[in-house]
Amino acid sequence: MNKQQTDKTFWWADTYQMEQQLTPVVARMEQSGIKINVSMLQNMGNELLQIKSDLEQAIHQIIGTTVNINSNEQLSVALFEQLQLKPQITTKNKKGLFPVDKKHLNKIKQQHQIIQLLLDYRKSNSLLKFVGQLSDVHPKTKRIHAGFHQIGTATGRFSSSRPNLQNIPNVKLDADETNPLKILESKFREVVIPAKGKIFICADYSQIELRITAVYSQDPFLLDAYHNGLDIHTLTASQVYDSSLESITDQQRKVAKSINFGLIYGMTSVGLAESLTQVTGKVHSKEEAEKLMTTYFNRFSKVKQCLDDLIKQAEENGFSTALFGRRRPIPQLRSNKLSERKSGKRIAMNSPIQGTAADIIKKAMIKLDNEIIQKQLKAKIVLQVHDEILVECPKDEAHQVEKLVKETMENVVKLTVPLEVGLEKGSNWAMAH
DNA sequence: GATATCACG
DNA sequence: ACGTACGTGATATCG
């Protein structure tokens with residue numbers, strides 16, 4: 001390491017030091033691994049194989065056995081040329097074919113019974129891949145030891161691989177759910193279990209990125225909401241629709257929630273319209289989304305100002321800066337292509353927010369792990385999923401560790417809005433108990 | 001190796 | 001007149 005890197009004045013110093021402190025924490029996390037209920041997973045796999053082969057047979061019955069369902073090219077030809085289904089989209093893809101992605105399939109679902117079969121086939125296929133990945137356990141301990149990569153992402157987040165434990169399906173079932181695939185999907189976090197005599201404590205930051213947006217913008221509505229524990233989406237709806245908090249409908253709240261998500265992503269009218277269409281099940285136009293955005297930014301003018309500032313700073317510097325000094329170069333801002341520059345602007349709005357959240361949870365992991373060691377507890381951090389930490393601990397430690405995790409995460413940094421942590425305990429990662 | 005698809009936050 | 005939400009990893013197909 002050269003002298004410049006250890007110099008406190010070097011811009012990377014704080015972030016670098018934090019990453020160094022985090023390294024042993026990650027090492028312990030990887031070494032601990034996490035236990036899998038292998039027999040349950042196997043049963044799920046068998047059930048899925050059966051479902052998949054039934055679907056395969058039904059689909060081939062309709063379009064003929066020569067078609068490879070996994071080939072989008074062959075599938076597109078089969079649907080739109082052979083079966084003569086009417087595409088609900090004007091633009092073709094690069095191969096000159098109509099797309100067969102989930103979004104488009106959903107639009108043409110009413111035209112033919114085969115579409116639902118295809119969607120289910122894809123789902124069973126996708127779930128079977130998780131079965132395969134989670135089966136890679138140590139023969140003695142039945143634990144998988146995934147990789148967690150503390151550096152490497154553009155924003156400062158973790159990534160996970162071999163297997164990726166940060167994209168395990170997270171489906172909460174409605175009480176009246178009967179779809180067997182949905183039910184199977186909801187069981188994937190149930191096969192992730194603590195060792196004998198231990199339990200899981202799952203702690204997640206509530207809306208951490210939106211809170212960071214409040215900190216960055218110092219918008220009075222957002223600050224007020226988080227200081228007084230108001231429902232942020234309902235508040236947003238009441239501003240956008242100019243109505244009282246009590247009169248906001250479920251639909252209006254859903255719209256507001258999409259706006260708040262979009263905010264963090266540097267939303268566009270098309271992106272918002274698309275998200276609204278997904279969330280509400282009704283078609284929403286680009287123009288409608290544009291009006292919503294205009295109203296939103298009029299009401300939350302400091303948010304608008306803050307996003308503009310983030311862009312301006314990134315354009316001047318060539319990089320974005322998160323709250324604790326983390327930088328991300330954004331060369332797209334100096335591209336000759338308009339679409340690239342626009343993309344760069346969205347990155348400039350999102351990176352400081354996502355990056356600050358990443359730093360906060362990293363700091364919390366360091367502090368929590370150190371506290372655990374200092375107090376000679378047997379608890380272990382076993383997973384991190386961006387705004388969530390999963391701890392495995394002996395049952396007799398549960399009470400103490402629960403409190404420690406929550407307080408550590410909530411107080412690891414002091415911001416102008418409080419950080420709130422939700423806690424769950426359980427005998428598996430689904431936490432349904 | 002690029003592209004598409006699909007799982008997560 | 002464009003092309004659009006941010007960040008990841010795994011897998012199958014196709015050239």
Side-chain angles (χ1 to χ4, degrees), chain A residues 67-76 91 93-95 97 99-105 118-119 121-134 136 146-149 151-171 185 188-189 204-210 212-213 258-279 286 289-290 293 307 310 320 322 328 330 332 337-358 361 383-389 429:
Chain A
V67 177
N68 182 350
I69 310 171
N70 293 320
S71 164
N72 297 320
E73 205 174 327
Q74 292 178 39
L75 188 60
S76 184
T91 52
N93 64 19
K94 283 176 185 171
K95 290 209 172 97
L97 296 165
V100 290
D101 57 281
K102 190 156 70 174
K103 217 177 77 195
H104 192 203
L105 288 185
L118 285 170
L119 290 168
Y121 174 86
R122 286 228 182 114
K123 175 66 81 180
S124 65
N125 227 356
S126 142
L127 294 181
L128 270 166
K129 283 171 193 159
F130 285 112
V131 173
Q133 290 174 37
L134 292 176
D136 188 23
F148 286 93
H149 316 291
I151 55 171
T153 66
T155 56
R157 272 191 174 184
F158 270 70
S159 73
S160 166
S161 69
R162 303 176 57 186
N164 181 359
L165 288 181
Q166 292 182 319
N167 71 343
I168 304 302
N170 187 11
V171 169
E185 190 178 19
F188 274 86
R189 289 194 180 208
D204 72 302
Y205 281 112
S206 157
Q207 296 170 345
I208 188 166
E209 292 187 341
L210 215 43
I212 291 165
T213 308
S258 280
I259 294 175
N260 283 332
F261 266 103
L263 203 62
I264 293 160
Y265 298 151
M267 70 183 148
T268 63
S269 56
V270 172
L272 179 61
E274 220 161 70
S275 153
L276 291 177
T277 304
Q278 296 278 319
V279 166
K286 183 179 98 179
E290 223 155 52
M293 284 172 64
L307 294 176
L310 287 175
S320 68
R328 173 182 182 174
I330 312 179
Q332 295 94 319
K337 281 179 68 181
L338 178 62
S339 62
E340 283 285 303
R341 290 199 301 279
K342 286 191 169 178
S343 165
K345 289 181 180 182
R346 293 194 294 272
I347 292 169
M349 293 184 257
N350 173 264
S351 290
I353 300 170
Q354 193 181 121
T356 300
I361 196 165
L383 278 184
Q384 188 256 43
V385 194
H386 310 309
D387 63 0
E388 162 186 345
I389 295 174
W429 191 15

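Owing to the predicted nature of the structure, the values given are computational and were not obtained by experimental measurement. Chain letters run A, B, ... following the sequence lines, proteins first and then strands; every chain starts at 1.
Closest to the side chain of A:S343, from the set C:dT8, B:dC8, C:dC6, is C:dC6. Among C:dA5, C:dC2, B:dG9, the nucleotide with an atom closest to any side-chain atom of A:D387 is B:dG9. Checking C:dC2, C:dA10, C:dC6 against every side-chain atom of A:S161, the shortest atom distance belongs to C:dA10. Considering only side-chain atoms of A:V171, the nucleotide from B:dC8, C:dA5, B:dC6 that sits closest is B:dC8. Checking C:dT11, C:dG9, B:dC8 against every side-chain atom of A:K129, the shortest atom distance belongs to C:dT11. The nucleotide whose nearest atom lies closest to any side-chain atom of A:P169 is, among C:dA10, B:dA7, C:dG7, B:dA7.
For A:N70 against C:dA12, no side-chain N or O and base N or O form a donor-acceptor pair under 3.5 Å. Interface remark: the A:R157 side chain does form a donor-acceptor pair with the B:dG9 base, using a distance-only criterion of under 3.5 Å. For A:T268 and C:dT4, a side-chain-to-base donor-acceptor distance below 3.5 Å is present, hydrogens and geometry of angles not being considered. Side chain A:S275 to base C:dA5: a donor-acceptor pair is found below 3.5 Å.
The distance from atom CZ of A:F130 to atom P of C:dG9 is 14 Å, rounded to the nearest whole Å. We find that CD of A:Q133 is positioned 13 Å from P of B:dC8, with the value rounded to whole Å. Between the CZ atom of A:F148 and the P atom of C:dG7 there is a distance of 21 Å, rounded to whole Å. Computed from coordinates, the A:L165 CG to C:dA10 P distance equals 10 Å when rounded to whole Å. Atom CG of A:N164 and atom P of C:dG7 are 17 Å apart (whole Å). Per the geometry, CG belonging to A:L105 stands 8 Å off P belonging to B:dC6, to the nearest Å. Rounding to whole angstrom units, CG of residue A:N167 and P of B:dC6 are separated by 14 Å. As rounded to whole Å, 12 Å separates atom P of B:dG9 from atom CD1 of A:I361.
The two residues A:R122 and A:K102 have their closest heavy-atom pair at NH1-N, 4.1 Å. Counting all heavy atoms, side chain and backbone alike, A:E388 lies closest to A:I361 at N-CD1, 3.5 Å.
A close approach under 4.0 Å does not occur between any side-chain nitrogen or oxygen of A:S71 and OP1 or OP2 of C:dA12. Close to C:dT13, at under 4.0 Å from its OP1 or OP2, lies a side-chain N or O of A:N68. For the OP1/OP2 pair of C:dG9 and a distance below 4.0 Å, the side-chain nitrogens and oxygens of A:S159 include at least one atom meeting the criterion. OP1 or OP2 of B:dA7 lies within a sub-4.0 Å distance of a side-chain N or O belonging to A:K102. Of the side-chain N and O atoms in A:Q166, none sit less than 4.0 angstrom from OP1 or OP2 of C:dG7. Within the structure, a side-chain polar atom (N or O) of A:K123 is placed less than 4.0 Å from OP1 or OP2 of B:dA7.
Taking atom C1' in both B:dC6 and C:dA1, the straight-line distance is 32 Å, to the nearest Å. Here, B:dA7 and C:dG3 have their P atoms 29 Å apart, quoted to the whole Å. Across B:dT5 and C:dC2, the matching C1' atoms stand 26 Å from one another, rounded to whole Å.
Base-pair partner of C:dA12: B:dT3 (Watson-Crick or G-U wobble, both distances under 3.5 Å). The pairing partner recorded for C:dA1 is none, the criterion being a Watson-Crick or G-U wobble arrangement whose two distances lie under 3.5 angstrom.
When A:Q166, A:H149, A:Q354 are each tested for a side chain to side chain contact (heavy atoms under 4.5 Å, CB included) with A:R157, only one passes: A:Q354. Partner of A:L310 under the side chain to side chain contact (heavy atoms under 4.5 Å, CB included) criterion, chosen from A:P352, A:S320, A:S351: A:P352.
Distance alone, capped at 3.5 Å, is enough to place a donor-acceptor pair between the A:T277 side chain and the A:A273 backbone. A donor-acceptor distance shorter than 3.5 angstrom exists from the side chain of A:T153 to the backbone of A:G156, with no hydrogens or angles considered.
Each of A:S351 and A:K342 was matched to the nucleotide of DNA chain C holding its nearest heavy atom; the match closer to the 5' end belongs to A:K342.
Contact of the A:Y121 side chain with the A:N70 side chain is registered, since non-hydrogen atoms from C-beta on lie closer than 4.5 Å.
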